[in-house]
Protein chains: 2
Amino acid sequence: MTSEETLEQFNLRKTKIRIAVLDSLSQSAVAQSYSTMQNALHEFDRITLYRTLLTLTEYGLIHKAYEENGESFYARCFGCTGQLHNHEHLHLKCSSCGGVECVEISDQLKSSLAQLPFQEINISAKGACKACASA
Amino acid sequence: MTSEETLEQFNLRKTKIRIAVLDSLSQSAVAQSYSTMQNALHEFDRITLYRTLLTLTEYGLIHKAYEENGESFYARCFGCTGQLHNHEHLHLKCSSCGGVECVEISDQLKSSLAQLPFQEINISAKGACKACASA
DNA sequence: TAGTTTTTGCAACATTGTTGCATTTGTTGC
DNA sequence: GCAACAAATGCAACAATGTTGCAAAAACTA
Ligand SMILES: [Mn+2]
Ligand SMILES: [Mn+2]
Ligand SMILES: [Zn+2]
Ligand SMILES: [Zn+2]
């Protein structure tokens, strides 16, 4: 599904920056930092980017995968809603390249997490990302 | 063990702000935000607080329990080192009062986490904290 | 207590978060 | 396509935090 179709489906106006952000995150294998996106989308105002990220997060189209020292990383969501955000994966911050990626987790871990009486459970970890581990 | 004794044990100089920070976090049942600590310790410079938190974190005496929208919460560590930080608990951000607390996790979840090939695994969740849930 | 090392306080700057408001853009009905 | 309306954008403005350099002060050691 294209980014335009996705926005339509969620009754969101199809604006340039929303399409650009969704396109960018959909094509990216890793999460993107706010500053990276700001550089890539420098034709847009940073406040507009800020509000775009808020809106897309609110509607469950993207999620903040990681935040450390004021640096936030965003990734495309698949099957999330604004209400329920229990990602069935963890967020790995690579100690080598600094990148952030979403990593699948075991069924055992999933079921352990499912028993917790909380919402928006988020696991983050540090280690070598796929690219750096295989290099 | 007093904060002074702890600092001594780690070969850290016993400065006023380090003692104050350790005292404050040791007595607190919940994690404290940077701004809360800054207000409480307003007799110290904020950069000094910033560096104090860095140092105490580096030595494994405290840990950043939660960070969101640039707001960081710190809590006392028990049995951590600067190297190994796999907390066997999760960090709950209360949707009601906004506080952050460290919450024990099940043995099953612990063992699931132990199988992950990563370091510094951190689980955060949102929900009602102990105080707000019982109110 | 004197000398050495570390820490602090302050200046300085960058980045990000956040809101208000006028202008522009997207959508809908004609 | 065009007008009208609602929503989003761009810009100003400000607060908060992150980060480094450096001189003065404090902590430690002999
Ligand atoms: Mn993710
Ligand atoms: Mn904790
Ligand atoms: Zn990597
Ligand atoms: Zn609470």
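Letters go in sequence order (proteins before strands), and every chain restarts at 1.
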Apart from B:Val30 itself, members of its ILVMFWY cluster (side-chain separation under 4.5 Å) are none
task = Give me the other members of the hydrophobic cluster that B:Val100 sits in, counting Ile, Leu, Val, Met, Phe, Trp and Tyr linked by side-chain heavy atoms under 4.5 Å, directly or via other members.
result =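 B:Val100 clusters with B:Tyr66, B:Phe73.
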Write down the distance between [atom1] ([X]) and [atom2] ([N]), rounded to a whole number of angstrom.
X: B:Leu7; N: C:dT6; atom1: CG; atom2: P; value: 16 Å
X: B:Leu56; N: C:dT7; atom1: CG; atom2: P; value: 11 Å
X: A:Asp45; N: C:dT24; atom1: CG; atom2: P; value: 15 Å
X: B:Glu68; N: C:dG17; atom1: CD; atom2: P; value: 11 Å
X: B:His42; N: C:dT8; atom1: NE2; atom2: P; value: 17 Å
X: B:Leu41; N: C:dG9; atom1: CG; atom2: P; value: 11 Å
X: B:Arg18; N: C:dG9; atom1: CZ; atom2: P; value: 12 Å

Going by salt bridge (charged side-chain N to carboxylate O under 4.0 Å, His left out), name the pairs with one or both residues in [range], residues two or more places apart or in two chains.
range: residues 8-18 of chain A; answer: A:Glu8-A:Lys14
range: residues 126-135 of chain A; answer: A:Glu68-A:Lys126, A:Lys126-B:Glu120
range: residues 39-53 of chain B; answer: none

The helix from C:dT1-D:dA30 to C:dC30-D:dG1: angle between terminal helix axes, five bp per end, to the nearest 10 degrees, reads 40°
What does the list of N/O pairs under 3.5 Å between the protein and nucleotides 16-20 of chain D look like, with a distance for each?
unit_1: D:dG18; atom_1: N7; unit_2: B:Arg46; atom_2: NH1; d: 3.3
unit_1: D:dG18; atom_1: O6; unit_2: B:Arg46; atom_2: NH2; d: 2.7
unit_1: D:dT19; atom_1: OP2; unit_2: B:Tyr50; atom_2: OH; d: 2.8
unit_1: D:dT19; atom_1: O5'; unit_2: B:Tyr50; atom_2: OH; d: 3.2

Its contact letters, B for base, S for sugar-phosphate only and - for none at protein heavy atoms under 4.0 Å, make nucleotides 25-30 of chain C read -BS---
By side-chain contact (heavy atoms from CB on, under 4.5 Å), A:Ala125 pairs with (sequence neighbours left out) A:Leu90, A:Leu92, B:Phe118, B:Ile121
Counterpart residues, side-chain contact (heavy atoms from CB on, under 4.5 Å), relative to A:Gln115 (two or more places apart):
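By the side-chain contact (heavy atoms from CB on, under 4.5 Å) rule, A:Gln115 matches B:Gln108.
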Min side-chain heavy-atom separation A:Thr52-A:Thr15 under 4.5 Å | no
Ranking C:dT8, D:dT9, D:dC11 by distance to the side chain of A:Thr52, first place goes to D:dT9
Pair up each side-chain donor or acceptor in residues 20-27 of chain A with any protein partner under 3.5 Å, not counting sequence neighbours, and list the distances.
unit_1: A:Asp23; atom_1: OD1; unit_2: A:Ser3; atom_2: OG; d: 2.5
unit_1: A:Ser24; atom_1: OG; unit_2: A:Gln32; atom_2: OE1; d: 3.3
unit_1: A:Ser24; atom_1: OG; unit_2: A:Gln32; atom_2: NE2; d: 3.1
unit_1: A:Ser26; atom_1: OG; unit_2: A:Leu22; atom_2: O; d: 2.6
unit_1: A:Ser26; atom_1: OG; unit_2: A:Arg76; atom_2: NE; d: 3.1

So the side-chain hydrogen bond (donor to acceptor under 3.5 Å, both in side chains) pairs with at least one residue in residues 95-106 of chain B (sequence neighbours excluded) are none
Does the side chain of A:Lys93 pick up a donor-acceptor pair with the side chain of B:Asn122 at under 3.5 Å?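 A:Lys93 vs B:Asn122: no donor-acceptor pair found between side chains.
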